[in-house]
There are 2 protein chains.
Amino acid sequence: MEAPRNETRKRLLDTAEDLFSKRGYASVTLRDIGSAIGMRHASLYYYAPGGKKQLYIEVMERNFLRHRHGLTESIKAANGDLRQQLYAVAGWLVSQPPLDFSRMHEADMAEIGQEQAKRLMEMAYDAMRIPIITALEQATEDGLIELDDLNIAAMALVSLIQSVHNVPTHYGFELRQRIGTKLVDMLLDGWLKR
Amino acid sequence: MEAPRNETRKRLLDTAEDLFSKRGYASVTLRDIGSAIGMRHASLYYYAPGGKKQLYIEVMERNFLRHRHGLTESIKAANGDLRQQLYAVAGWLVSQPPLDFSRMHEADMAEIGQEQAKRLMEMAYDAMRIPIITALEQATEDGLIELDDLNIAAMALVSLIQSVHNVPTHYGFELRQRIGTKLVDMLLDGWLKR
DNA sequence: GTCTATATTTCGATAGAC
DNA sequence: GTCTATCGAAATATAGAC
């Protein structure tokens with residue numbers, strides 16, 4: 001007895017978000033989105049009257065908010081221990097389609113307005129940076145780590161973990177999760193034997 | 001007294017490569033490339049008769065070959081020492097526009113033929129993997145490191161270093177180079193104090 | 001070699017039937 | 001709510017003048 005309207009709209013937003021974040025703004029057409037949910041592209045305007053640009057902004061915003069919330073909760077669930085916190089970060093990131101900040105900045109943002117672009121990029125960075133930096137600051141106070149730029153460290157961690165999506169051979173979801181934790185171990189313990 | 005024809009063609013290929021690798025296939029129009037070198041888009045067909053698709057394939061191939069050569073030579077120039085070798089890798093990667101394997105796989109490759117796509121992706125992976133793995137194998141033999149998957153490690157290193165391009169504040173070239181070496185240190189020594 | 005002009009296709013978007 | 005039909009803009013590509 002759910003409202004079918006909201007169900008369909010949610011399917012639309014989910015599909016659009018997946019396609020936009022994977023392939024970028026220009027590569028995804030409204031016809032692509034429509035056919036992915038079994039609908040003519042003209043019908044999308046019933047759910048997204050603002051058109052493609054507005055739809056992109058809305059779903060990417062949603063994407064960033066979900067990342068921020070998901071990362072925050074993941075870290076919180078692993079109370080205290082840094083390694084478990086970063087495992088949780090890895091688990092979250094591996095479960096999501098990868099975000100390419102460089103492409104977003106160079107290509108996607110040129111197609112929406114300048115103020116919108118600035119706002120969206122800040123949201124994207126904050127979604128990743130802030131939850132992770134919180135954990136790193138705690139670990140720094142505890143004397144566990146000593147990094148001279150937590151912003152760089154946080155973005156480095158994100159980029160490192162997202163490399164699971166770049167590995168040529170297609171590993172399954174379970175294996176990808178294990179690789180995610182392996183990458184965290186690499187970063188915490190270092191490659192060099194001792 | 002250089003041949004002006006080849007000069008112009010080189011400028012075209014350089015520009016196209018930069019735009020394609022930064023923004024992806026769909027986001028770059030022939031008009032973008034043309035206006036970047038001060039030419040009408042129709043004139044590009046004199047230098048690239050195969051059109052946009054062929055041009056993309058040609059310049060990305062060139063990009064991958066240059067990466068493979070550049071990485072190999074960078075590593076060779078730093079004879080022996082692993083840390084210096086990885087500094088050299090970082091120096092090379094930071095000097096180049098970042099390559100997004102995920103976007104290439106999800107978006108760009110769908111627009112060219114399937115066989116071409118497979119061949120290009122393999123070239124891209126090999127360009128990064130093979131030179132780096134060579135250095136890692138040497139270090140493994142020397143007993144310096146002990147990693148259970150060098151493919152994953154190599155791609156992780158690439159992804160980690162490329163995160164310098166994702167840092168919000170725009171650092172200059174010199175500073176980026178320093179961040180590149182910092183990231184290598186992170187990966188070799190690990191975050192955890194000892 | 002580079003241009004203008006134009007053909008063809010594809011895309012975003014609107015109007016209106018049902 | 002979803003469709004068909006269609007418009008205007010923009011993109012790739014070709015033809016031909018200069």
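The chains referred to below are lettered A, B, ... by the order of the sequence lines, with proteins before strands, and numbering in each begins at 1. Because the structure is predicted, anything quoted here is derived from the model rather than measured.
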Check your understanding: Rounding to a whole Å, what distance do you find between B/L44:CG and D/dA13:P?
Key -> 11 Å
Check your understanding: To the nearest Å, how far apart are A/R23 CZ and C/dC11 C1'?
Key -> 14 Å
Name each donor-acceptor pair under 3.5 Å that joins a side chain in residues 118-125 of chain B to protein atoms two or more places apart or in another chain, with its distance.
| residue | atom | partner | partner atom | Å |
| --- | --- | --- | --- | --- |
| B/R119 | NH1 | B/E61 | OE2 | 3.2 |
| B/R119 | NH2 | B/E61 | OE2 | 3.0 |
| B/R119 | NH2 | B/Q116 | OE1 | 2.6 |
| B/Y125 | OH | A/N166 | O | 3.1 |

Review point. D/dG1 C1' sits how many Å from A/L12 CG, rounded?
Key: 13 Å
Check your understanding: For residues 16-28 of chain B, which residue pairs qualify under side-chain hydrogen bond (donor to acceptor under 3.5 Å, both in side chains), counting only residues two or more places apart or in two chains?
Key -> B/E17-B/R62, B/E17-B/N63, B/E17-B/R66, B/D18-B/K22, B/R23-B/S27, B/R23-B/D32
**Study point:** side-chain N/O A/Y47 vs D/dT2 OP1/OP2, d < 4.0 Å
**Key:** yes
**Study point:** Length of the line joining A/L55:CG and C/dG12:C1', which is rounded to integer Å
**Key:** 12 Å
Review point. For D/dG1, does OP1 or OP2 lie under 4.0 Å from any side-chain N or O of A/S43?
Key: no
Exercise for review: Please name all residues satisfying side chain to side chain donor-acceptor pair (under 3.5 Å) with B/H41, sequence neighbours left out, ordered by chain then number.
Suggested key: none
Practice item. Take A/R194 and B/E146 through the test salt bridge (Lys or Arg N to Asp or Glu O under 4.0 Å) and record every step on the way to the result. Key: CA-CA 11 Å; A/R194 62 203 71 172; B/E146 197 168 31; over 6 Å; no
Review point. Is there a side chain to side chain donor-acceptor pair (under 3.5 Å) between B/Q85 and B/D81 once you walk through the steps?
Key: CA-CA 6 Å; B/Q85 287 173 329; B/D81 184 54; over 6 Å; no
Revision key, fill the gap. note: B/K53, atom NZ; C/dT10, atom P; distance rounded to Å ~ 11 Å
Study note, to complete from the structure: Rounded to whole Å, CZ of B/R11 lies from P of C/dG1 at a distance of 14 Å
Practice item. Would you please name every residue forming a side chain to side chain donor-acceptor pair (under 3.5 Å) with B/K10, sequence neighbours left out? Key: B/D14
Exercise for review: Answer yes or no: does atom NE2 of B/H105 have more than 12 heavy-atom neighbours from other residues, nucleotides or ligands under 6.0 Å?
Suggested key: no
Check your understanding: Does C/dG1 have OP1 or OP2 sitting under 4.0 Å from an N or O in the side chain of B/Y46?
Key -> yes
**Study point:** Nucleotide C/dC11, atom P - distance to OH of A/Y45 in whole Å
**Key:** 12 Å
Check your understanding: Is B/S159 reaching over with its side chain to a backbone N or O of B/M155, donor-acceptor style, under 3.5 angstrom?
Key -> no
What does the list of N/O pairs under 3.5 Å between the protein and nucleotides 6-11 of chain D look like, with a distance for each?
none

Check your understanding: In whole angstrom, what separates B/R40's CZ from D/dA15's P?
Key -> 21 Å
Might you list the N or O atoms of the protein lying below 3.5 Å from N or O atoms in nucleotides 16-18 of chain C, with each pair's distance?
none

Exercise for review: Could you walk me through whether B/I179 and B/V94 pass the side chain to side chain contact (heavy atoms under 4.5 Å, CB included) test, one step at a time?
Suggested key: CA-CA 9 Å; B/I179 294 177; B/V94 169; over 6 Å; no
